[in-house]
A.B. asks: 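Sending over a structure as structure tokens; questions will come in a sec.
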Amino acid sequence: MPELPEVEAVAQTLRPLVLGKKIRCVHVFHPIGVKPQKSAFLAQNAEGQTIRRVTRHGKYLLLELDRGLLSLHFRLDGQLLWFSNARELEVNANRPPHNVHVDVAFEFNRGVLGFADRRHLGRVHVFESRNVGSGLRSLGIDALSKEFSAKQFAQLLSQSRRPLKEFLLDQTRVAGIGNIYSCESMWHAKIDPRRHADSLTKKEAARLHKAIVSVLRRALECCLRPAPDFRDPSWWFQGLEKILRAYGLEDQPCRRCEKPIRRIEQGGRSTYFCATCQK
DNA sequence: CCTGCTACCTGATGGC
DNA sequence: TGCCATCAGGTAGCAG
């Protein structure tokens, strides 16, 4: 559930399910999912606590407890699953013929929340506060927060000479933008991903800021309709393809100028863009 | 501090 | 059909 809109949709959908519920028991089926923390540490710090708020910062989903918080990061493939009870989870997960890998589960009085990830790259951690944990602590401004203004964005851009694409993926500057929506935002703003961040004019920075916010809002609407279905392990966000204009469209004609979309590599990741209308 | 590289994992896909 | 290479919406950790 990779980028900000997907995580926000999950947060909104999850909120009514877990708010005010007490974590009766934590199950760690695959310890890699809590690494580098220990299973016992997670259990000790989460069991018996009630979920007071469900929030999000960048791509991190945060379950705030009476004391401390749970930090869930889905990386590339992580997802949440909901089971009626521990028995249902036991029957349906982590055993053939089902292909459902629940690494960590939180059991409530009614219902169980599972964190599943077949690649085991996603992580569940427990922290005293948001200021602990390297990834979470160093996150920049959330791209859908009030603090993310055009002025603030221009300021951040001016402080970096990295290629724009790499700058947008840097979660310590602006949090929440990933590979898809960085490409989409730059396409909408008509700016070349290879430009250095500090080379953007104020006007271009403002255009890109606007593009980022509208791309993320649009994607969030898509992610909420239909809303995530935690009861279906095969569920995934649908319909996002129809809003994409660059990502994954190598060799297909640009929707503005008809020239083929190009794919290049930046920082070890694919960038899709139109070399003709993105300057 | 910054930047760039690799590791971490599994599964889907396409070429031969 | 099988085998191999490549790709995937991400980040942590490390060296320089």
Side-chain angles (χ1 to χ4, degrees), chain A residues 1-10 29-37 56-61 71-80 94 96 98-104 115-125 127 132-140 143 156-187 193 196-198 212 215-216 218-220 222-223 228 233-251 263-272:
Chain A
M1 235 155 292
E3 306 184 31
L4 184 156
E6 288 84 356
V7 181
E8 177 62 25
V10 165
F29 298 103
H30 205 135
I32 197 174
V34 303
K35 216 174 154 187
Q37 295 187 339
R56 179 193 58 73
H57 190 168
K59 304 168 195 170
Y60 287 78
L61 175 63
S71 150
L72 279 60
H73 198 296
F74 303 102
R75 296 280 179 99
L76 296 172
D77 288 318
Q79 70 179 129
L80 294 183
N94 301 327
H98 310 285
N99 200 22
V100 178
H101 303 255
V102 175
D103 287 354
V104 182
F115 182 94
D117 188 343
R118 52 191 183 171
R119 272 167 94 178
H120 309 293
L121 291 173
R123 290 292 181 269
V124 175
H125 294 137
F127 298 118
V132 188
S134 58
L136 187 57
R137 182 186 43 197
S138 56
L139 284 179
L156 289 169
L157 282 165
S158 72
Q159 289 167 350
S160 170
R161 40 177 325 164
R162 306 179 77 177
L164 181 57
K165 168 68 177 325
E166 292 177 33
F167 170 88
L168 291 177
L169 291 186
D170 182 352
Q171 304 298 303
T172 70
R173 300 305 200 274
V174 179
I177 304 168
N179 211 25
I180 292 182
Y181 302 127
S182 60
C183 292
E184 292 301 303
S185 301
M186 292 182 290
W187 183 88
H196 288 262
D198 62 3
I212 289 168
V215 161
L216 294 179
R218 178 109 199 271
L220 173 57
C222 266
C223 289
S234 65
W235 189 91
W236 202 249
F237 298 96
Q238 308 147 48
L240 287 168
E241 331 76 51
K242 67 179 189 285
I243 66 172
L244 301 183
R245 294 293 177 264
Y247 183 84
L249 300 175
E250 185 179 14
D251 296 334
R263 179 167 80 97
I264 60 172
E265 190 154 300
Q266 291 184 288
R269 326 248 345 242
S270 289
T271 297
Y272 298 86

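In the text below, chain A, chain B and the rest are named by the order of the sequence lines, each starting its count at 1. Everything numeric in this text was worked out from a predicted model, so none of it was measured.
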A.B. asks: For Tyr272(A) and dC7(C), is the shortest distance between a side-chain N/O and OP1 or OP2 below 4.0 Å?
C.D. replies: no
A.B. asks: With sequence neighbours left out, what residues match Gln266(A) under side chain to side chain contact (heavy atoms under 4.5 Å, CB included)?
C.D. replies: Pro163(A), Lys165(A), Glu166(A), Pro193(A), Arg194(A), Ile264(A), Thr271(A)
A.B. asks: Who passes side-chain hydrogen bond (donor to acceptor under 3.5 Å, both in side chains) against Asn94(A), sequence neighbours left out?
C.D. replies: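 Not a single residue meets the side-chain hydrogen bond (donor to acceptor under 3.5 Å, both in side chains) criterion with Asn94(A).
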A.B. asks: Quick one: ring-ring contact (aromatic ring centres under 6.0 Å, His included) partners of Phe167(A), sequence neighbours excluded?
C.D. replies: none
A.B. asks: Could I get the full list of side-chain hydrogen bond (donor to acceptor under 3.5 Å, both in side chains) partners for Arg118(A), not counting sequence neighbours?
C.D. replies: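 Arg118(A) satisfies side-chain hydrogen bond (donor to acceptor under 3.5 Å, both in side chains) with no residue once adjacent residues are dropped.
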A.B. asks: Under the side-chain hydrogen bond (donor to acceptor under 3.5 Å, both in side chains) rule, collect the residues that match up with Asp103(A), sequence neighbours excluded.
C.D. replies: His120(A)
A.B. asks: Can you check the distance between dC9(B) and dC14(C), where both ends of the measurement are the P atom (answer in whole Å)?
C.D. replies: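 The same atom, P, in both gives a distance of 15 Å.
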A.B. asks: Partners of Leu139(A) by side chain to side chain contact (heavy atoms under 4.5 Å, CB included), sequence neighbours excluded?
C.D. replies: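 Residues passing side chain to side chain contact (heavy atoms under 4.5 Å, CB included) with Leu139(A): His57(A), Tyr60(A), Leu136(A), Gln171(A), Ala175(A).
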A.B. asks: With Tyr181(A), which residues qualify under ring-ring contact (aromatic ring centres under 6.0 Å, His included), at least two apart?
C.D. replies: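 Once residues adjacent in sequence are excluded, Tyr181(A) has no partner under the ring-ring contact (aromatic ring centres under 6.0 Å, His included) criterion.
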A.B. asks: If you look at every strand shown and take non-hydrogen atoms under 4.0 Å, does Leu240(A) touch a base, only sugar-phosphate, or nothing?
C.D. replies: base
A.B. asks: Among residues two or more places apart or on two chains, list those pairs meeting salt bridge (charged side-chain N to carboxylate O under 4.0 Å, His left out) that have a residue in residues 235-247 of chain A.
C.D. replies: none
A.B. asks: How would nucleotides 10-16 of chain C be written as a contact map, 5' to 3', with B for base contact, S for sugar-phosphate-only contact and - for no contact, using protein heavy atoms under 4.0 Å?
C.D. replies: BBSS---
A.B. asks: Measuring to OP1 and OP2 of dA8(C), would you say a side-chain N or O of Ser270(A) lies under 4.0 angstrom away?
C.D. replies: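 It does, given that an N or O in the side chain of Ser270(A) lies less than 4.0 Å from OP1 or OP2 of dA8(C).
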A.B. asks: With heavy atoms of chain A within less than 4.0 Å as the criterion, where does contact along DNA chain B begin and end?
C.D. replies: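 Range of nucleotides within reach of chain A: dC2(B) to dG11(B).
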A.B. asks: What stem regions, each of at least 3 consecutive Watson-Crick or G-U pairs below 3.5 Å, can be found for DNA chain C?
C.D. replies: B:2-8 with C:10-16, B:10-16 with C:2-8
A.B. asks: Arg119(A): which residues meet the side-chain hydrogen bond (donor to acceptor under 3.5 Å, both in side chains) condition with it, sequence neighbours left out?
C.D. replies: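 Asp77(A).
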